[in-house]
Amino acid sequence: MGSAKKPDRKPIYIYVIIVAVVMLLLNAVIIPAFKSRNISEVDYSTFLEMVSEKQISAAEIQTDYIYFADSSEPARYYKTADVGDPDLVQELKNSGAKFTKVINKTSPLETLIFGWVLPLVVFYLIGMYISRKLISRMGDSFGGGNPMLSFGKSNAKVYVPSTTSIKFHDVAGEEEAKQLLQELVYYLHEPQKYADIGAECPKGALLVGPPGTGKTLLAKAVAGEANVPFFSIAGSEFVEMFVGMGASKVRDLFKEAEKNAPCIVFIDEIDTIGKKRDGGAISTNDEREQTLNQLLTEMDGFDGSKGVIILAATNRPDVLDPALLRPGRFDRRIPVELPDLQGRIDILKVHAKKVKLADNVNFEPIAKTAAGASGAELANIVNEAALRAVREGRRFVTQEDLQESIEVVIAGYQKKTRVLSEKEKLVVAYHEIGHALVAAKQSNSAPVQKITIIPRTSGALGYTLQVDEGDKYLLSKEEILEKIATFTGGRCAEELIFHSITTGASNDIEQATKLARAMVTRYGMDPEFGMIALETQTNMYLGGDSSLACAPETARKIDDIVVALVKQQHDKAYQILKDNEIKLHELAKYLYEHETITGDEFMQILDNPVTQI
């Protein structure tokens, strides 16, 4: 508590010093100078002569001096020393002068108290009041409390155990991660069992995975299951402008955790402070490295038997410092990956508990269509479906709402204000049917689910939706080549029907090139290079940035092979459309008229006998 008063002392001392100086000036210089400005001093004999000649209009007898005014000059004042004349009062009466006698009975103690001590106390209280008001206002501006006192204090949010806390049953689609974290819960419940056998529970666990997969939710679920306090802080909150403040926050966080043990400390986005330290002599970020060093020291120093477990989350595990990942610190690396088909169904069911559903809603086709979606995206799909139901005036969510919400998340809302010309609409129809027809005529392509030429807010003028029957974790060379052919199908349809090409295939070209290059540089599917890694990939959970790791001559060869691969599949797709040109016209006409067709409608027209257009 003593340290909390230190910031108040300095302003108070300043006020005291200022008051003392002012009072000294008043007593020593200003007041005497003011009093002596129009007062002339005369000797006592002159004063007596003026009294006898009745020249004094008024007089004031004080302890040391007699102050009087000349009747001939009312604005002029005099003073003379009081010699203690016993006849003076009678002489003043005889002269007719008005006079008063002031007897100074004030003791030196009273002068000290009322002249010095009391004013100082008053100013002290005023200064303290003003100082507290300023601190209070600054504290409100900085989020509460004195900002100067917040330096070095951790900003961790503390969630205390309660009956409404998050449990494992609130987290769906991550069964493996929950099983790995369950042991931490057992440890927090009964740490003595582990101590009796001599086992040490991991001090820390690192949750890694793409954004939106529920890493923070899992950490809260561990605390909820264990019924212990949960300290949550983001890695960026350790980063401060002043060197050493981040390290101080780490110390304070671990001190608070030990006071509240057993508990869980969760550091989100730990890559902010846990990046690999450079090996150069000059550090590029002293503050970040000091914070990391302090974190490493604290994790080594605190007693794990007290029941303090450190959880951290990141989607960039490749940039973390090796010292952070060694045994004794973050002992366990728990992957929190994108959910599989059953996981997506379970996640949709969890979020659907919050909304009213129609009786015939089936989550399986929704989960199949949303392949590759994270838990956060699935939650957004359910919410978008509920919003659509409200817009349509319904009191519950239907299957159609859920299906449309997937398209909203994937491609954006329907852009009803964008009206295509008749020719552009026809070109888009042939383009999308070109994709669907090439896919349908290949054996390894996913079935077509939906085709539409209604523009979307993402910028797409139309799209073809393909849905696999189940999750695929491996792609064969043949499947990749067929995907490339399907991507080129839209451009091929434009060439075949209109003998011209448009800008509508820009995204198709990007995707086809990306797949063809990955075949050569990452998957070792080219006979000339074989199983040689020609490309390095980083940030696998954030889109996978890649860079070539080869000589310029080799990069030129890779470009030639990629061009040849895409051209080969382009020619294949062109031939498929040419062989099925009548069906291409029939399907494009139907799509042009209806704007949106389902996969069943597409396959029915395709399987019907050929009719002349």
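Positions are given from 1 along the sequence.
Interatomic distance, CZ of R491 versus OH of Y574, reported as 13.0 Å (0.5 Å rounding). Here M603 contributes atom CE and N608 contributes atom CG; the two are 10.5 Å apart, rounded to the nearest 0.5 Å. Distance check: N360 CG to T398 OG1 gives 8.0 Å after rounding to the nearest 0.5 Å. Between atom NE2 of residue H570 and atom OG1 of residue T488 there is a gap of 6.0 Å, rounded to the nearest 0.5 Å. Rounded to the nearest 0.5 Å, atoms CD1 (I345) and CZ (F363) are 9.5 Å apart. For the atom pair CD of E174 and CZ of F168, the computed distance is 12.0 Å after rounding to the nearest 0.5 Å.
Counting heavy atoms from C-beta outward, E581 and I497 have side chains that approach closer than 4.5 Å. Side-chain contact between L338 and T213 is present, with at least one heavy-atom pair separated by less than 4.5 Å. With a 4.5 Å cut-off on side-chain heavy atoms, L295 and I267 count as touching. For the pair L206/L320, a side-chain contact is recorded, criterion being any heavy-atom separation below 4.5 Å from C-beta on. Residues R388 and R394 form a side-chain contact, since some pair of their non-hydrogen atoms from C-beta on lies under 4.5 Å apart. Between V520 and F529 the shortest side-chain heavy-atom distance falls below 4.5 Å. Within the 4.5 Å cutoff, no side-chain heavy atoms of I453 are placed close to those of L420. Within the 4.5 Å cutoff, the side chain of V361 has heavy atoms near those of the Q399 side chain.
Between the side chains of Q575 and D571, not a single donor N or O lies within less than 3.5 Å of an accepting N or O.
Partner of T369 under the side chain to side chain contact (heavy atoms under 4.5 Å, CB included) criterion, out of D468, V467, L402: V467 alone. Screening H435, E407, E432 for a side-chain hydrogen bond (donor to acceptor under 3.5 Å, both in side chains) involving Y463 leaves a single residue, E407.
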TODO: Tell me, with the steps shown, if R517 and D559 meet side chain to side chain contact (heavy atoms under 4.5 Å, CB included).
DONE: CA-CA 8 Å; R517 183 172 292 276; D559 291 338; 2.7 Å; yes
Open item on the list: Working note: C492 + V438, criterion side chain to side chain contact (heavy atoms under 4.5 Å, CB included); need CA distance, chi angles, decisive distance, verdict.
Closed with: CA-CA 10 Å; C492 291; V438 171; over 6 Å; no
Task: Stepwise salt bridge (charged side-chain N to carboxylate O under 4.0 Å, His left out) test for E422 and K425 - done: CA-CA 5 Å; E422 295 300 318; K425 186 177 175 182; 5.4 Å; no
TODO: List the steps, then state whether side chain to side chain contact (heavy atoms under 4.5 Å, CB included) holds for L481 with Q568.
DONE: CA-CA 9 Å; L481 290 174; Q568 178 187 2; 5.5 Å; no
Open item on the list: D346 vs Q342, test: side chain to side chain donor-acceptor pair (under 3.5 Å). Steps then yes/no.
Closed with: CA-CA 6 Å; D346 294 339; Q342 187 57 47; 3.1 Å; yes
TODO: List the steps and the verdict of salt bridge (charged side-chain N to carboxylate O under 4.0 Å, His left out) for E404 and R456.
DONE: CA-CA 12 Å; E404 177 63 25; R456 294 276 173 166; 3.2 Å; yes
TODO: Would you please test L311 and L184 for side chain to side chain contact (heavy atoms under 4.5 Å, CB included) and show each step?
DONE: CA-CA 10 Å; L311 295 180; L184 301 180; 3.9 Å; yes
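K178 places a side-chain N or O within 3.5 Å of a backbone atom of V171 that can act as its donor or acceptor partner. A donor-acceptor pair under 3.5 Å links the side-chain atoms of S405 to the main chain of I381, judged by distance alone. Proximity of a side-chain donor or acceptor of K215 to a complementary backbone N or O of A312 within less than 3.5 Å is not detected. Between the side chain of E377 and the backbone N or O of S374, at least one donor-acceptor pair lies under 3.5 Å. When atom types are taken as modelled, the side chain of Q466 and the backbone of A446 share a donor-acceptor pair closer than 3.5 angstrom. At distances below 3.5 Å, at least one donor-acceptor pair connects side-chain atoms of Q442 with backbone N or O atoms of E482.
Ion pair R316/E269 not flagged as a salt bridge, since none of the NZ, NE, NH1 or NH2 atoms sits closer than 4.0 Å to an Asp/Glu carboxylate oxygen. Residues K368 and E364 are paired through a salt bridge, judged by an N-O separation under 4.0 Å between the basic side chain and the carboxylate. Classification of K220 and D170 as a salt-bridged pair fails, no side-chain N sitting under 4.0 Å from a carboxylate O.
Relative orientation of the Y430 and H585 rings is perpendicular, given thresholds of 30° and 60° on the angle between their planes.
Heavy-atom contacts from other residues, nucleotides or ligands closer than 6.0 Å to NZ of K275 number 12 or fewer. Around CD of Q182, the count of heavy atoms belonging to other residues, nucleotides or ligands within 6.0 Å exceeds 12.
Across all non-hydrogen atoms, the minimal contact from G235 to I273 is O-CG2, 3.5 Å.
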